[in-house]
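Single-structure report; data block below.
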Amino acid sequence: MKSPRILVTGAAGFVGSHTVDQLLSRGCRVMGVDDLSTGRLINLRNATNSPRFRFVRADITGPSTLKDLCESFRPDAIIHLAGLVSVVRAQEEPGLNYRLNVHSTQLVAEAARSHGVKRIVFASSAAVYGDHPDLPLAESIFPQPISLYGTAKRASEELLQGYATAYGMETVCLRYFNIFGPRQDPRSPYSGVISIFAEKYSAGEPVTVFGDGGQTRDFISVFDVARANAIAATRPVATPTICNICTGQPRRLLSILDVFRSTHPEAPEPNFAEPRAGEIRHSAGNPERALERLGFRAEVDFAAGLRAFIEETGPATRDSAHAELVAIG
Ligand code: UD2
């Protein structure tokens, strides 16, 4: 059987690089594109050993970048992960948010349409739900984002649904919840809490808990998210569709803190600070539709996944920083 050909935007990023690895392990041919503004070449160290992988360093919002890539690679599907990931930066720079989180989707859809690429998988977010009280959040809820980031993700979903209706394209929008795992950048104050905690604990520095730690989130392993992306790009799916990618299990921040404390008994005590302004207290997604439509269910056990990540973090952070210097030379 012919190997599926998949173009991945944002391929050198946290989710992108795991998605590339997952696709390669399934026998796909993969072209990855990334401008390396936040993505890192070192994330693709496994992928670059594969003869089925090609990497192109380019800005996908360039006038003909995506069309040229579709012309040369002839993908069966595009997984569009490139974007502005910081909710705060999106709020501060709405023009940049528009260019990277809406306009880029238009360029992906148009390149796909003009080159007969059948399917687009899009990285949407739980941020489209805003601060909705009905938990777990189901896709039937009317989205009311409370940030420009969430608004842009919603706009891209709508745009893709429009392309599906107008041109019969297959579009799958995946609403990721809180993703954790190796390769997430821990160095911004708006990085995922688990990557920040892992970095601080491995450095012997105190973490800060915003609020009383009683808030809950639906944390999903990046390995599961990469698997969901690969399924959405390669399996028969009734489209267009929008699916949550979550576990359905809310986890309290304090229980996560307990795991870090038990693995680092000598670490300093955490600081407690005021809750972040505008923050939601509880979040959890309903995973049923992803199971029905994609046959996807999160499989990584949270406690085991968290411990594996914590064990990797100390030495991995230092090694990867060194290796990246070597790779970029
Ligand atoms: C997530 C997404 C964000 C957006 C948002 C929509 C991540 C990284 N962010 O934000 O992109 O989709 O959901 O609602 O997935 N915390 C601490 N100490 C720290 C850092 C965080 O206590 O050093 C707390 C934080 O106040 C929050 C929880 O940990 O209560 C999770 O924070 P987060 O930044 O990992 O994710 P979240 O849910 O705010």
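We count ligands from 1, going down the list as the structure has it; atoms in each ligand are counted the same way.
- The two residues L137 and S283 have their closest heavy-atom pair at CD1-OG, 4.5 Å.
- Note: Y201 and F260 have parallel aromatic rings, judged against thresholds of 30 and 60 degrees for the angle between ring planes.
- Looking only at heavy atoms of the protein, atom 17 (C) of ligand 1 is closest to F210 CD1, 3.3 Å.
- Checking atom 9 (N) of ligand 1 against the protein gives no heavy-atom contact under 4.0 Å.
- With ligand atoms numbered from 1 in the order given, ligand 1 contributes 8 (C), 35 (O) to contacts under 4.0 Å with heavy atoms of G192.
- Here the protein heavy atom with the shortest distance to atom 15 (O) of ligand 1 is N178 ND2, 3.7 Å.
- Heavy-atom contacts of A127 reach the following atoms of ligand 1: 6 (C), 12 (O) (cutoff under 4.0 Å).
- Of the protein's heavy atoms, E279 OE2, 3.4 Å lies nearest to atom 25 (C) of ligand 1.
- Under a 4.0 Å criterion applied to the non-hydrogen atoms of V209, ligand 1 contributes the atoms 22 (O).
- In this structure, E158 pairs ionically with R154, as a charged nitrogen and a carboxylate oxygen lie closer than 4.0 Å.
- When only non-hydrogen protein atoms are considered, atom 18 (N) of ligand 1 lies nearest to T208 O, 2.7 Å.
- Atom 3 (C) of ligand 1 is approached by the protein to below 4.0 angstrom, counting heavy atoms only.
- Nearest to atom 16 (N) of ligand 1 among the protein's heavy atoms is V193 CG2, 3.5 Å.
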Checklist entry - Are S125 and R175 close enough, and set up right, to give a side-chain hydrogen bond (donor to acceptor under 3.5 Å, both in side chains), and what steps lead you there? => result CA-CA 4 Å; S125 165; R175 293 178 176 167; over 6 Å; no
Item to check | side-chain hydrogen bond (donor to acceptor under 3.5 Å, both in side chains) evaluation trace for T61 with H103 | outcome: CA-CA 8 Å; T61 62; H103 181 58; over 6 Å; no
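- Both cation-pi conditions hold for R5 and F73: the charged atom is under 6.0 angstrom from the six-membered ring centre and inside a 45 degree cone around its axis.
- The pair R281-D212 meets the salt-bridge criterion, since a charged nitrogen lies less than 4.0 angstrom from a carboxylate oxygen.
- Ligand 1 lies less than 4.0 angstrom from a heavy atom belonging to V87.
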Side-chain donor-acceptor distances from residues 109-118 under 3.5 Å, at least two apart:
residue: E110; atom: OE1; partner: R113; partner atom: NE; Å: 3.3
residue: E110; atom: OE1; partner: Y163; partner atom: OH; Å: 2.5
residue: E110; atom: OE2; partner: R113; partner atom: NE; Å: 3.2
residue: E110; atom: OE2; partner: R113; partner atom: NH2; Å: 2.8
residue: S114; atom: OG; partner: E110; partner atom: O; Å: 3.0
residue: S114; atom: OG; partner: A111; partner atom: O; Å: 3.3
residue: H115; atom: ND1; partner: A111; partner atom: O; Å: 3.2
residue: H115; atom: NE2; partner: E71; partner atom: OE1; Å: 3.0

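- Shortest contact from atom 24 (C) of ligand 1 to any protein heavy atom: L253 CD2, 3.7 Å.
- Residues L254 and L306 share a single hydrophobic cluster, defined by chaining ILVMFWY side chains whose heavy atoms lie under 4.5 Å apart.
- Tested against D218, the residues N178, N286, T247 include a single side chain to side chain donor-acceptor pair (under 3.5 Å) partner, T247.
- Ranking protein heavy atoms by distance to atom 39 (O) of ligand 1, first place goes to R217 NH2, 3.9 Å.
- In terms of N/O distances under 3.5 Å, ligand 1 is not approached by I179.
- By the criterion of a heavy-atom distance under 4.0 Å, the backbone of S191, and not its side chain, is placed next to ligand 1.
- Contact annotation for V207 and ligand 1: no heavy atom of the residue comes within less than 4.0 Å of the ligand.
- The protein atom (non-hydrogen) at minimum distance from atom 12 (O) of ligand 1 is S125 OG, 3.1 Å.
- For the pair H18/F223, a side-chain contact is recorded, criterion being any heavy-atom separation below 4.5 Å from C-beta on.
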